[in-house]
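Letters A, B, ... mirror the listed sequences (proteins, then strands); counts begin at 1.
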Protein chains: 2
Amino acid sequence: MDGHARRIPDATVARLPEYLRILVELAEQRIGTVSSERLAELAGVNAAKVRKDLSYLGTYGTRGVGYDVDYLLFQMRQALGVTQDWPVVVVGAGNLGRALANYAGFSDRGFPLAAVVDVDDAKVGTTVGEVAVRPMSDLAELVRANQPVIGVIATPGPVAQLVADQLVAAGVTAILNFAPALVSVPPNISLRKVDLALELQILSFYQSHRESGSASRSWA
Amino acid sequence: MDGHARRIPDATVARLPEYLRILVELAEQRIGTVSSERLAELAGVNAAKVRKDLSYLGTYGTRGVGYDVDYLLFQMRQALGVTQDWPVVVVGAGNLGRALANYAGFSDRGFPLAAVVDVDDAKVGTTVGEVAVRPMSDLAELVRANQPVIGVIATPGPVAQLVADQLVAAGVTAILNFAPALVSVPPNISLRKVDLALELQILSFYQSHRESGSASRSWA
DNA sequence: CCGAGCTTGTGCACAAGTTCACAAGCGTGT
DNA sequence: ACACGCTTGTGAACTTGTGCACAAGCTCGG
Ligand SMILES: NC(=O)c1ccc[n+]([C@@H]2O[C@H](COP(=O)([O-])OP(=O)(O)OC[C@H]3O[C@@H](n4cnc5c(N)ncnc54)[C@H](O)[C@@H]3O)[C@@H](O)[C@H]2O)c1
Ligand SMILES: NC(=O)c1ccc[n+]([C@@H]2O[C@H](COP(=O)([O-])OP(=O)(O)OC[C@H]3O[C@@H](n4cnc5c(N)ncnc54)[C@H](O)[C@@H]3O)[C@@H](O)[C@H]2O)c1
């Protein structure tokens with residue numbers, strides 16, 4: 001129907017949200033048109049790469065002019081699937097879980113906090129962000145009521161796999177894991193991991209071998 | 001000196017901390033030897049990749065046997081430069097900054113919290129984690145007293161560049177940025193970025209295009 | 001209507017990263 | 001001493017990602 005069947009490379013997908021963020025800023029500044037050159041500068045990448053990345057989404061630019069910010073923004077949102085909200089369920093109401101729940105930046109960008117759940121009875125019932133912490137037994141119900149949901153694991157590492165299994169059983173199909181542990185899920189479930197200690201160790205490496213250290217691999 | 005001058009690829013560097021975490025777990029379990037096959041399983045990667053990655057550090061395995069866990073652990077720490085502690089200074093005592101400051105996992109892995117600083121006078125003096133929040137004017141002094149320091153930016157996006165400049169001026173040579181903004185630093189400074197909203201958007205993409213989604217990348 | 005000045009979109013060569021496949025080497029048992 | 005099973009280390013093929021360079025195409029001024 002679209003004529004665009006070509007698969008978008010993983011490396012490109014990883015950059016799209018960055019372009020999206022920049023486009024939102026440009027739109028807020030009432031800037032109507034942007035060139036690949038300017039976009040590249042703002043994203044900290046090569047202009048040719050920007051053009052190639054955008055070309056995977058479709059032919060949305062105008063030669064001699066550039067890209068229409070609003071139109072590209074619309075197409076970018078479409079491509080990323082953020083035209084609708086993705087409610088987030090946070091598992092674990094500890095330090096990190098509470099910080100995430102209090103973070104306004106998620107709702108702003110289309111990821112409203114749906115619920116926070118925890119296994120600890122002492123935490124259930126306390127308020128965090130805009131919601132009350134719920135028991136694990138409510139998980140399936142909460143997921144059902146908010147589909148499609150993204151699950152966030154903010155529990156200690158040793159229970160991460162267990163929690164992931166519970167999320168999957170509850171019907172969650174996308175998971176973001178903050179626990180420092182390997183989690184495996186069925187093939188149709190999307191999983192990403194963020195490990196802060198790991199990032200610090202990578203910094204440590206490049207500092208120890210300081211001379212030609214481009215520690216910025218996940219750019220900027 | 002060592003005979004090992006070959007440059008370690010970025011992709012390999014990004015995986016080393018994961019191997020390190022696994023080796024620590026194995027050592028805790030009193031497991032003396034591990035094969036690339038087993039290590040690969042625990043890290044969720046291909047065994048050949050593990051062998052190639054480890055070969056960049058040196059020839060530490062024994063054919064027919066595997067790798068000595070303690071010895072490899074030592075070499076891995078050496079390679080990553082985490083034989084000594086890297087004190088961390090957190091800038092921004094908001095939701096995220098406080099969660100990070102309270103996080104024991106950093107100290108445990110060799111990144112003790114040295115200080116938290118904030119520009120907001122109302123926050124200066126309050127206690128967070130194990131330390132009192134200090135004013136920005138103390139930054140240079142705090143950095144000098146703890147070198148080598150890793151700076152963590154946990155402030156709103158619009159001031160991230162400003163904060164980065166202050167960190168660099170104070171003598172920080174490695175920065176981890178949590179703000180959703182592009183930050184540029186002089187070439188000899190290491191910089192990495194973690195953007196949680198970006199991760200959620202990548203998940204959103206793979207869910208929207210669900211069919212062949214290997215959403216995992218985060219160098220993990 | 002044409003030409004000048006830009007900027008896109010992409011073919012192509014090159015670089016980086018991954019995986020296979022297997023020789024080399026170790027340890028054990030006979 | 002030797003054969004056998006196991007595992008490493010790595011050349012080489014392959015896949016993925018990057019960046020240059022330029023033709024194609026748009027806009028605008030005259
Ligand atoms: N705090 C940080 O800044 C930070 C930074 C990096 C990584 N992390 C990681 O994030 C995770 C959480 O860190 P934290 O500091 O918030 O820890 P925390 O101990 O403060 O919180 C963990 C929470 O998970 C809950 N929990 C435990 N088992 C559970 C289960 N089976 N089901 C549901 N909930 C369960 C606990 O009750 C607790 O409320 C850890 O894996 C940590 O390594 C945290
Ligand atoms: N809270 C989260 O879970 C979360 C998640 C993802 C990303 N982030 C990002 O992390 C950053 C911090 O988030 P937060 O929720 O902690 O915000 P916050 O508003 O709670 O805290 C920001 C803190 O930075 C301080 N600050 C402001 N300007 C400063 C300056 N120039 N110098 C020093 N300190 C300054 C403020 O006083 C405040 O204490 C933001 O960029 C946010 O987008 C936060």
Of the candidates C:dG9, D:dT18, C:dT8, the side chain of A:S55 sits closest to C:dG9
For [N], does either OP1 or OP2 sit under 4.0 Å from a side-chain N or O belonging to [X]?
X	N	result
B:R7	C:dA16	no
B:T62	C:dC26	no
A:Y67	C:dG9	yes

Tell me, do A:V24 and A:L73 make a side-chain contact under 4.5 Å, heavy atoms counted?
-> yes
B:V34 or A:A48: which one's nearest nucleotide on DNA chain D is closer to the 5' end?
-> B:V34
Rounded off to whole Å, could you give me the [atom1]-to-[atom2] distance for the [X] and [N] pair?
X	N	atom1	atom2	answer
B:N46	C:dC20	CG	C1'	9 Å
B:Y71	D:dT8	OH	P	16 Å
A:L54	D:dG19	CG	C1'	16 Å
B:K49	C:dA21	NZ	P	17 Å
A:D53	C:dT10	CG	P	13 Å
B:D10	C:dA15	CG	C1'	12 Å
A:R51	D:dA23	CZ	P	15 Å
B:Y56	D:dG9	OH	C1'	11 Å

Measure up the A:F106 and A:Y103 rings against each other and bin them: parallel (under 30°), tilted (30 to 60°), perpendicular (over 60°).
-> perpendicular
Count the heavy atoms belonging to other residues, nucleotides or ligands that lie under 6.0 Å from CD of A:Q78, then report whether that count exceeds 12.
->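 Correct, the count exceeds 12.
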For side chain to side chain contact (heavy atoms under 4.5 Å, CB included), just list the numbers for A:L57 and A:L16, CA-CA rounded to whole Å, side-chain angles, deciding distance to a tenth of an Å, and then say yes or no.
-> CA-CA 10 Å; A:L57 307 184; A:L16 294 183; 4.1 Å; yes
So, does the side chain of B:K52 form a donor-acceptor pair with the base of C:dT19 at under 3.5 Å?
-> yes
Check: D:dT7 base within 3.5 Å donor-acceptor of B:R63 side chain | no
So, A:Y67 versus A:Y60, ring centres under 6.0 angstrom or not?
->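 So the answer is no for these two rings.
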